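These numbers come from a predicted model, not from an experiment. Below, all heavy atoms of this structure are taken into account, side chains as well, without hydrogens, waters or symmetry copies.
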Amino acid sequence: MNHTSHSEHNHMDHGHVEHGHSGHDHSKHDHGGHDHGAMIADFRRRFWISLAITVPILLLSEQVQTWLGLKFAFEGSQYVLFAFSSVVFFYGGWPFLTGLENELRKKQPGMMTLIAVAITTAYVFSSAVVFGFAGMDFFWELATLIDIMLLGHWIEMKSVLGASNALEELVRLMPSVAHIMHGREIHDLPLGEVKKEDRLLVRPGEKIPADGEVASGSTSVNESMLTGESKPVGKVTGSKVVGGSINGSGAIEVIVKKVGDETFLAQVIKLVKEAQESKSRTQDLANRAANWLTAIALLGGVATLLVWWLIVGSSFSYALTRMVTVMVICCPHALGLAVPLVVAISTAIAAKNGLLIRDRAAFESARNVRAIIFDKTGTLTEGKFGIIKVLRFGNSFVNDEELLNYAAALESQSEHPIARAIAGAGKQHLEVSSFNALPGKGAEAMVNGRAIKVVSPGYVSDTQLRYPEQDVRALFDQGHTVVFVLSGDQVSGAIALGDQVRPESKLAMERLRRMSIEPMMLTGDSKQVAAAVAKELGIINYFAEVLPQDKAAKIKEVQARGLNVAMTGDGVNDAPALAQADVGIAIGAGTDVAIETADIVLVKNNPNDVIALIELSRATYKKMVQNLWWAAGYNIIAIPLAAGVLSGIGIVLSPAVGAVLMSMSTVIVAINARLLKL
């Protein structure tokens, strides 16, 4: 489309004012928000009930009584202890036992496997002791371990925001009813009953119910949420319209051409679904640590049993006690809290600074991001029409401001998006009379007694009026929409409109380059517009005129270069790309769909928050690693001692001393996590 006709279409129906009627995997993809809330409540309930039952378990445990200098036992007290411990094991430990089954089915042993192995070993051995096996029970360790693990999971799940409802949000974009026309009569029908070739009435400000073709009327349609095109798109008889886009100031009649799975929005929904399913979730740090500890616990335990029993020749009960001590100690309480505490604190810090973390694994991998692809409209730019430049020809007006004031006074009478942008720039109240719309061409009026017109390039070329073409050509080449201001019959100036670059975008791009992260841009807008914005921001790699369904493919293309990719966007058209990226970041003022598909949501529309996010991710990861070293470091010392490596010189780690060491490492981990705030 040439510049003249492009701008003409965009300035279509100028002044046709009609009043509208505006009318346990915590990964985000596995649970709806409702399920997520129910899971949090379940962990909380199990924690408090198990904690209450732990009190009598501690009081009845011989080891705890020795520490407290108490001595009380009664006939059958060991059976009461066994009964209480059984409740905590089966009720409190249930999520870990089912988690074990889940992880083994997926062949991905992690934290749940480690906890389940430790509590099952402790429970089975201790139960055997109650019913006559020689040895000491581990019931109090079992109960406290379950309590702490329940607490850790509860803290962690609470700190990760609800799961993704992206697909529900997409469906919600469509209006629930359509106005069907039967001759002169209009009936409201549920959207599901609309069929191909139905004739629909779409009033100003309403959402267009289905993909179709304009049968009569003219208007401008806001398609930016769906296509990323920043300008309102002019529509006349024969133009195609997309379901879910918003009608501007003219009433139109639409013939339905696509329904159900064929519609544009249905295709987007399908793409989001595919991207969500194909996005492999890296196991998070705590799970990888748990993986190693599970292997060490099982191998270390079995080795300890065999060495003491078969090689050293100790009694089976002694060898078994050593084995169980190793396996219980292997699951440090600190590991259960090491990561959840850091997650809870980093999530709170993030939320305070306007970063909402929805997916922890993605937040963790943000530290490795090497390329960030920004959607242009509404992310790097303001996302709304604004005045880019004013040109003045001749001396009809004293300065640019006077020209703008006259144009703004005239445009204040019109509802067209371009007119609204110009009207908003006026700084002076001027008298307007004899307003007249020139359909498809612009508008005219008497402003302060002068005959003023604001018109499209088409009007100027049709009337063969002269103006300095070279100056205006440069604005067209940058993809701006241009309107002309006439005083009398003279072209006195031109106003270029476009999507303005956010002032903070420049700084953000510079900072990213300093961090060795490559900023890129992705847009549905024309090559000229994209080139102008990329040049202003110093972005070397950009993709223009990308259809919404191709955005996810562009992300894959960059990922294929071996780069860890983050995508930042705000529209429905960005949803599949956000789901495909390693880290999907939504701008909070964007659509609900983009927000629901993203891993992280930026509350403020500031690209600099992307940098804050990466820095926080790096700091958080560092803290997690430190905490895991504290938690696992305890194991490096405790496991050999529990296995009896130094028993030759009389040093054997009893379960009691192991528990004290365990508590110390838990306290250190908790303090270290708090230091993240600094």
Side-chain angles (χ1 to χ4, degrees), residues 24 39 41-68 70-104 111-154 294 297-298 301 305 316-317 320-333 335-336 642 654-656 658-659 662-663:
H24 179 70
M39 282 176 74
D42 182 55
F43 268 92
R44 183 179 61 223
R45 192 170 48 246
R46 286 178 196 272
F47 167 70
W48 287 115
I49 291 172
S50 300
L51 187 65
I53 302 171
T54 300
V55 176
I57 292 174
L58 290 173
L59 292 174
L60 289 169
S61 290
E62 214 174 299
Q63 189 66 59
V64 179
Q65 286 181 22
T66 309
W67 285 345
L68 298 176
L70 299 172
K71 192 76 191 126
F72 68 91
F74 51 86
E75 189 66 40
S77 61
Q78 76 270 35
Y79 298 115
V80 177
L81 178 61
F82 166 71
F84 279 133
S85 301
S86 298
V87 174
V88 172
F89 174 69
F90 287 108
Y91 177 70
W94 188 251
F96 307 114
L97 299 171
T98 53
L100 162 78
E101 184 205 356
N102 201 12
E103 287 183 350
L104 293 181
M111 184 64 92
M112 293 294 186
T113 308
L114 179 62
I115 299 167
V117 166
I119 62 175
T120 306
T121 308
Y123 178 72
V124 171
F125 181 79
S126 304
S127 303
V129 169
V130 169
F131 293 103
F133 188 82
M136 214 179 79
D137 69 72
F138 288 90
F139 283 134
W140 75 269
E141 281 107 326
L142 165 76
T144 54
L145 184 55
I146 288 174
D147 293 345
I148 288 220
M149 292 303 166
L150 284 170
L151 176 65
H153 277 72
W154 172 30
T294 307
L298 294 172
L305 173 77
F316 180 71
S317 73
L320 194 61
T321 305
R322 290 267 61 81
M323 173 186 120
V324 173
T325 307
V326 167
M327 289 175 76
V328 173
I329 273 175
C330 240
C331 184
H333 294 49
L335 185 63
S654 71
M662 201 188 271
S663 308

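- By the salt bridge (charged side-chain N to carboxylate O under 4.0 Å, His left out) test, Glu101 is found to be paired with Arg105, residues two or more places apart in sequence or in another chain being considered.
- Between Ala143 and Ile57, the closest heavy-atom pair is CB-CD1, 3.9 Å.
- Taking CZ of Phe96 as the start and CD of Glu103 as the end, the distance is 11.0 Å to the nearest 0.5 Å.
- The minimum heavy-atom distance linking Ser50 with Leu150 is given by the pair OG-CD1, 3.8 Å.
- Atom CG in Leu58 sits 7.0 Å away from atom OG1 in Thr144 (nearest 0.5 Å).
- One distance of note links CG of Leu97 with CZ of Phe90; it measures 7.5 Å at 0.5 Å rounding.
- Residues Leu305 and Val326 are not in side-chain contact: their nearest non-hydrogen atoms beyond the backbone lie 4.5 Å or more apart.
- Tyr79 is listed as a side-chain neighbour of Phe131, based on a closest heavy-atom distance under 4.5 Å.
- To the nearest 0.5 Å, atom CZ of residue Phe43 and atom CG of residue Leu151 are 11.5 Å apart.
- Aromatic pair Phe84/Phe139: ring centres not closer than 6.0 Å.
- To the nearest 0.5 Å, atoms CZ (Phe125) and CG (Leu320) are separated by 5.0 Å.
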Scan the side chains in residues 114-123 for donor-acceptor partners under 3.5 Å anywhere in the protein, sequence neighbours excluded, and list what turns up.
from   : atom 1 : to     : atom 2 : distance (Å)
Thr120 : OG1    : Ala116 : O      : 2.6
Thr121 : OG1    : Val117 : O      : 2.5
Tyr123 : OH     : Ser86  : OG     : 2.7

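- Residue-environment remark: CD (Glu62) stays at or below the threshold of 12 foreign heavy atoms within 6.0 Å.
- Looking at Ile53 and Tyr91, their side chains never come closer than 4.5 Å, going by heavy atoms from C-beta outward.
- The minimum heavy-atom distance between Ile146 and Val88, with the atom names listed, is CD1-O, 3.7 Å.
- Residue pairs that meet the salt bridge (charged side-chain N to carboxylate O under 4.0 Å, His left out) test with at least one member in residues 46-61, sequence neighbours left out, are Asp42-Arg46.
- With a 4.5 Å cut-off on side-chain heavy atoms, Leu81 and Ser77 do not count as touching.
- Residues Gln65 and Lys71 share a closest heavy-atom pair of OE1-CA, 3.9 Å.
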